[in-house]
Enquirer: 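Dropping the structure in here first, questions after.
All residue numbers in this chain count up from 1 along the given sequence. As the structure lists them, so they are numbered: ligands from 1, and atoms in each ligand from 1.
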Amino acid sequence: MKKVVKFGGSSLASAKQFKKAGDIIRGDQSRRYVVPSAPGKRNDKDEKVTDLLYQCYEAAAGGKSYKKILEKIRERYEEIIDGLNLNLNLDFEFSMIEENFLKKAGRDYAASRGEYLNGLVMAEYLGFEFIDAAEVIFFDADGNFETELTNKELGERLEHVEKAVIPGFYGAKHDGTIKTFSRGGSDITGSIVAKAIHADMYENWTDVSGFLVADPRIIKDPEVIETITYRELRELAYMGASVLHEDAIFPVRKEGIPINIRNTNKPEDKGTLIVESTCRKPNYTITGIAGKKGFCSINIEKAMMNAEVGFGRKVLEVFEKFGVSFEHMPSGIDTMTVFVHQSEFEEFEQSVIAGIHRAVEPDYLEMESDLALIAVVGRGMKATRGTAGRIFSALAHSRVNVKMIDQGSSELNIIIGVKNADFEEAIKAIYDMFIMTEA
Ligand SMILES: Nc1ncnc2c1ncn2[C@@H]1O[C@H](COP(=O)(O)OP(=O)(O)O)[C@@H](O)[C@H]1O
Ligand SMILES: N[C@@H](CC(=O)OP(=O)(O)O)C(=O)O
């Protein structure tokens, strides 16, 4: 039995947290490959080491004073090393980091040092071999992750290593330049390692007892999802359920390796099991709710639009030309609406509008900003009648105005558009309707 265990930043934020992680790893001999994140927040007001590293690098590379921030970072590691009574000296590592910051080694290099240093500490603490992710996780010259090469090299490297620590979040291009995944990317590293060693399980240890039906920052003490499929999870993760990086699913999914989300602070809890498919009936009609704010809709009307071959393509080509990706595109007989990320769209707004006018000569074009999208996801929805009706009724009851509704043809999800200001209220209303009333 081989398990890969990834510990998130909150699980490794202090010596106290490190000890909990150590007990978990030592408690099961099959937990052989450990992927640590950088130290995260010790409390709500604290800072993540990754954020401090970005700040420090900006200052150093920009010729501003940076020593105080570097010292703050160093103190975080010293606190952990002292608290664990380790005989580990990071003088050399920190002088290299400082030198490279001044040489402008890059933001990715800077950010990656959080995981790198935590990996060194973790390996020393556990007595495991340290394997620098830069030697086994590869990106091409354009910064795209190299799946096949990484899988081969990593698999070969770990084949004869009994127990190892591989820092999360980064790898390297062939010229040695460090490249990170996007924020939260240690989850991806864990998944890549699990695939390469053909793990029986990928355990992802965090600060909540599993994947919750809704964001705990919006719903107080939400229910834990016992079992969820990769497809459901992908929908929820993409729509902002941040407990697992949305790209962490792909490597393990192909191999059918289950992911178990667990709580470092409550290791006795079973957590959430993420699987390819399951016969287990979900506990509720819906599996989860997630959402994101900050969208903008462009509503285009033209009589006989449906009869005009290529209408949709011409509209979307305008967005493509300006590099704006679209999120959703519900349509009616003579209308189509395109949802885009407001932050991505704002810069090109007027050019896109002019482009649409030129491309399809609409009768009417209207935009609305400050919208939020909410995804209600569940494999059980297909077999249950009236789900959309219940969502509408819950929202109407809470006086939330529904701007858009879009049901995927897989019937796995229903997407609802509301005003940003109604976002939290809408999630609460849907949670109450399905979870509280079905409990
Ligand atoms: N549906 C959800 N289920 C669980 N946690 C969620 C959900 N949506 C948002 N979160 C948030 O995700 C956090 C865990 O993810 P993250 O902060 O990346 O952890 P880590 O540092 O362990 O990687 C939780 O503390 C919680 O606030
Ligand atoms: N430390 C990186 C990568 C990461 O995955 O962190 P965490 O596991 O704490 O979400 C970040 O803050 O983005």
Enquirer: Would a 4.0 Å cut-off, counted as strictly less than, catch a protein heavy atom around atom 3 (N) of ligand 1?
Expert: yes
Enquirer: Checking the N or O distance criterion of under 3.5 Å, is ligand 2 in contact with Asp187?
Expert: no
Enquirer: Which protein heavy atom lies closest to atom 9 (C) of ligand 1, and at what distance to 0.1 Å?
Expert: Arg217 NH2, 3.3 Å
Enquirer: Would you say Ala290 touches ligand 1, if touching means a heavy atom closer than 4.0 Å?
Expert: no
Enquirer: Show the atoms of ligand 1 that are less than 4.0 angstrom away from any heavy atom in Ala241.
Expert: 1 (N), 8 (N)
Enquirer: Taking 4.0 angstrom as the limit and counting only heavy atoms of Ser10, give me the atoms of ligand 1 inside it, by number and element.
Expert: 21 (O), 22 (O)
Enquirer: Taking atom types as modelled and ignoring hydrogens, do the side chains of Ser182 and His245 form a donor-acceptor contact shorter than 3.5 angstrom?
Expert: yes
Enquirer: Could you verify whether a donor N or O on one side chain and an acceptor N or O on the other, from Ser95 and Glu98, lie under 3.5 Å apart?
Expert: no
Enquirer: May I ask you to identify, for Ser186, whether its side chain, its backbone, both or neither come under 4.0 Å of ligand 2 on a heavy-atom basis?
Expert: both
Enquirer: Kindly indicate, with the supporting measurements, whether the criterion salt bridge (charged side-chain N to carboxylate O under 4.0 Å, His left out) is fulfilled by Asp51 and Lys41.
Expert: CA-CA 10 Å; Asp51 291 319; Lys41 294 184 182 187; over 6 Å; no
Enquirer: Under 3.5 Å between some N or O of ligand 1 and some N or O of Val208?
Expert: no
Enquirer: Starting from atom 1 (N) of ligand 1, what is the nearest protein heavy atom, named by residue and atom, and what distance separates them?
Expert: Leu212 O, 2.9 Å
Enquirer: With no hydrogens and no angle check, just 3.5 Å: does a side-chain donor-acceptor pair link Tyr116 and Asp132?
Expert: no
Enquirer: Just need the protein heavy atom nearest to atom 22 (O) of ligand 1, so name the residue and atom and give the distance.
Expert: Thr206 OG1, 2.7 Å
Enquirer: Please confirm whether Ser242 comes under 4.0 Å of ligand 1, counting heavy atoms of the residue only.
Expert: yes
Enquirer: Is it true that Glu148 and Lys152 have a side-chain N and a carboxylate O under 4.0 angstrom from each other?
Expert: no
Enquirer: Taking only heavy atoms of Gly210, which atoms of ligand 1 are found under 4.0 Å from at least one of them?
Expert: 4 (C)
Enquirer: Any idea which atoms of ligand 1 are less than 4.0 Å away from a heavy-atom of Gly8?
Expert: 20 (P), 21 (O), 22 (O), 23 (O)
Enquirer: Which value, rounded to the nearest 0.5 Å, describes the distance between Asp247 atom CG and Asp187 atom CG?
Expert: 10.0 Å
Enquirer: Using non-hydrogen atoms of the residue, decide whether Pro216 is closer than 4.0 angstrom to ligand 1.
Expert: yes
Enquirer: List the steps, then state whether salt bridge (charged side-chain N to carboxylate O under 4.0 Å, His left out) holds for Arg157 with Glu153.
Expert: CA-CA 6 Å; Arg157 180 76 186 266; Glu153 297 282 326; over 6 Å; no
Enquirer: Taking non-hydrogen atoms only, is Lys6 closer than 4.0 angstrom to ligand 2 via side chain, backbone, both or neither?
Expert: side chain
Enquirer: Does Lys6 have a non-hydrogen atom less than 4.0 Å from ligand 1?
Expert: yes
Enquirer: In terms of residue, atom name and distance, what is the protein heavy atom nearest to atom 13 (C) of ligand 1?
Expert: Asp207 OD1, 4.0 Å
Enquirer: Between the side chains of His341 and Glu346, does any donor sit under 3.5 Å from an acceptor?
Expert: no
